[in-house]
Asks: 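Dumping the structure here so I can ask a few things about it.
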Number of protein chains: 2
Amino acid sequence: MKDKDSIPKATIERLPLYYRCLDKLDKFEEVDVVSSKELGGRLGIPPTQVRKDLSYYGEFGRRGVGYNVHDLKKSVGEILGVDRKWQTVLVGAGNLGRALVNYDGFEKMGLDIVGAFDNDLNKIDNRIENLTVRSTKELEETIEEEDVKVGIIAVPAEAAQNVAEKLIEAGVKAIWNFAPTRLYVPDEVAVRNEDLAVGIVSLIYHLSWQEREEQEEEEEN
Amino acid sequence: MKDKDSIPKATIERLPLYYRCLDKLDKFEEVDVVSSKELGGRLGIPPTQVRKDLSYYGEFGRRGVGYNVHDLKKSVGEILGVDRKWQTVLVGAGNLGRALVNYDGFEKMGLDIVGAFDNDLNKIDNRIENLTVRSTKELEETIEEEDVKVGIIAVPAEAAQNVAEKLIEAGVKAIWNFAPTRLYVPDEVAVRNEDLAVGIVSLIYHLSWQEREEQEEEEEN
């Protein structure tokens, strides 16, 4: 296996796609062997890229035969760390927080949400799936008792930094941030920002260029 | 301005960050001039990168002086296409759909959600903010009447492709897909996949390598 830092970010981002596809092949389609061509084809990724991505982590599959679906799924799962449970807390029990708790597929990815927290008295004691929303005052205790390593932040931008600091102080090592703001955290804490406004703007950008090009073409004709 | 296709994707993804920061400086902090150093500093982006990103689109600001906040905001807004309204429909009025309608900042980015749709009778006629959830049977009509160009898909994976096809047939040109599945769409339609499971897995991946490295260190000592 290569050194972690030498593996391209794009490769790392494709691993969960491979994992989910292999899981589907294994569990629902009962396929035993898959070629890089077929695996790539289902995901819109060229087969050479599939082979290159996997080669960073070892030698899987046999040339001319393909990959054993079950074994490759297991290996990719181990690489990703989704073969174990990661205790997780959610802070912010608004619509987005509720959506995240309900989101299919987190459990499959190893995420185990053990607590949902909010400081809004109207939300405390509400149910989300099998969780009861608790006061953020109980956050630290839960993180310590349940050995929580992952924190999801779904609070307004102005509250996010404070929440992040509380999470880290109590022992959280990875933060998934849905608040539209940058977090300042120590180097050893991993942060993933899901900035929804960035997503929509990149789409609008493409749309707006497309319209501009169409207009220019019309003017030329 | 450079050719659209020669501009790096990473640059395009940073533009909304610049825009939001400039908007804040302009509206709330009443700052007139900002240097690339200050702008970059607020976003964790090196000043050389800020200057390079902006240089793809023209000459802004004056060496040694900085950028006029209001003018630069206006220019970046035009580049992004957020200076106008984009009529948008949401399909899927579950928690995630509700969260998206409620999300701060979409309006600022030009997104105008004109309709929310679902095929679940329990959700039809429910209110989300100032919208009433309608039957997906009315989707096509709304898209045509309101000249809708953007569609947000927040339905389960197995329903997403069908919804995408309906949207496109009725005239949608850009799809923001929250369903954890790949969509097959014509080349001229822009798709942005917000695959939440990919987000969390990349975080778990880092966490799991970190723990592995710590364990190895412990074993060595």
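To find a chain, count down the sequence lines: A is the first, B the second, and so on, and within it residues start at 1.
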Asks: Among A/Lys9, A/Arg20, A/Arg98, which residue has the highest count of heavy-atom pairs closer than 4.5 Å to chain B?
Replies: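 Of the options given, most contacts go to A/Arg20.
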Asks: Let me know if A/Tyr184 has heavy atoms under 4.5 Å from chain B in its side chain, its backbone, both or neither.
Replies: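 Side chain only.
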Asks: Measure the spacing between CG of B/Leu207 and CZ of A/Arg192 and express it to the nearest 0.5 Å.
Replies: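 Taking CG in B/Leu207 and CZ in A/Arg192, the distance rounds to 14.5 Å.
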Asks: Measuring from atom CH2 of A/Trp209 to atom CD1 of B/Ile7, what distance do you get when rounded to the nearest 0.5 angstrom?
Replies: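 One finds 4.5 Å between CH2 of A/Trp209 and CD1 of B/Ile7.
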Asks: If you tally heavy-atom pairs under 4.5 Å against chain B, which of A/Val189, A/Val201, A/Leu196, A/Thr181 wins?
Replies: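 Heavy-atom pairs under 4.5 Å are most numerous for A/Leu196.
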Asks: So does B/Glu211 pair up with A/Arg84, basic N to acidic O under 4.0 Å?
Replies: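 So B/Glu211 pairs with A/Arg84 through a salt bridge.
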Asks: Heavy-atom count check: over 12 atoms from other residues, nucleotides or ligands less than 6.0 Å from A/Glu144 CD?
Replies: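 Above 12, so yes.
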Asks: Does some side-chain heavy atom of A/Ile204 sit less than 4.5 Å from a side-chain heavy atom of B/Leu80?
Replies: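 Counting from C-beta outward, B/Leu80 and A/Ile204 never come under 4.5 Å.
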Asks: Between B/Ala190 and A/His206, what is the shortest heavy-atom contact and its length?
Replies: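 In this case the closest contact between B/Ala190 and A/His206 is CB-CB, 4.3 Å.
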Asks: Kindly check if the number of other-residue, nucleotide or ligand heavy atoms within 6.0 Å of NZ (A/Lys85) is above 12?
Replies: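 Atom NZ in A/Lys85 is packed in, count exceeds 12.
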Asks: Looking at B/Leu43, B/Val150, B/Leu15, which makes the most heavy-atom pairs under 4.5 Å with chain A?
Replies: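 Most pairs with chain A among the choices: B/Leu43.
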Asks: Heavy-atom pairs under 4.5 Å with chain A - which of B/Thr88, B/Leu96, B/Val101 has more of them than the others?
Replies: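 The candidate making the most pairs under 4.5 Å is B/Leu96.
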Asks: Calculate, to the nearest 0.5 Å, the distance between atoms CD1 and CD1 belonging to B/Ile200 and A/Ile152 respectively.
Replies: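 Rounded to the nearest 0.5 Å, the CD1-CD1 separation comes to 5.5 Å.
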Asks: Just wondering, are more than 12 heavy atoms of other shown residues or ligands nearer than 6.0 Å to CD in A/Glu78?
Replies: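 Buried by this count: over 12 neighbours within 6.0 Å.
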Asks: Any chance you could measure B/Asp83, atom CG, to A/Ser208, atom OG, to the nearest 0.5 Å?
Replies: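 So the gap between those two atoms works out to 7.5 Å.
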Asks: Rounded to the nearest 0.5 Å, how far apart are CD of B/Glu188 and CD of A/Glu214?
Replies: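 CD of A/Glu214 is found 9.0 Å from CD of B/Glu188.
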Asks: Taking side chain as everything from C-beta outward and backbone as N, CA, C, O, which of these in B/Val191 sits under 4.5 Å from a heavy atom of chain A? Side chain, backbone, both or neither.
Replies: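 Only the backbone of B/Val191 comes within 4.5 Å of chain A.
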Asks: How long is the straight-line distance from CG of B/Leu17 back to CG of A/Asn193, given to the nearest 0.5 Å?
Replies: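 Atom-to-atom, A/Asn193:CG and B/Leu17:CG are 9.0 Å apart.
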Asks: Side-chain contact test, heavy atoms from C-beta onward, threshold under 4.5 Å: evaluate it for A/Leu203 versus B/Trp86 and give yes or no.
Replies: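 They are not in contact (no side-chain heavy atoms under 4.5 Å apart), so the answer is no.
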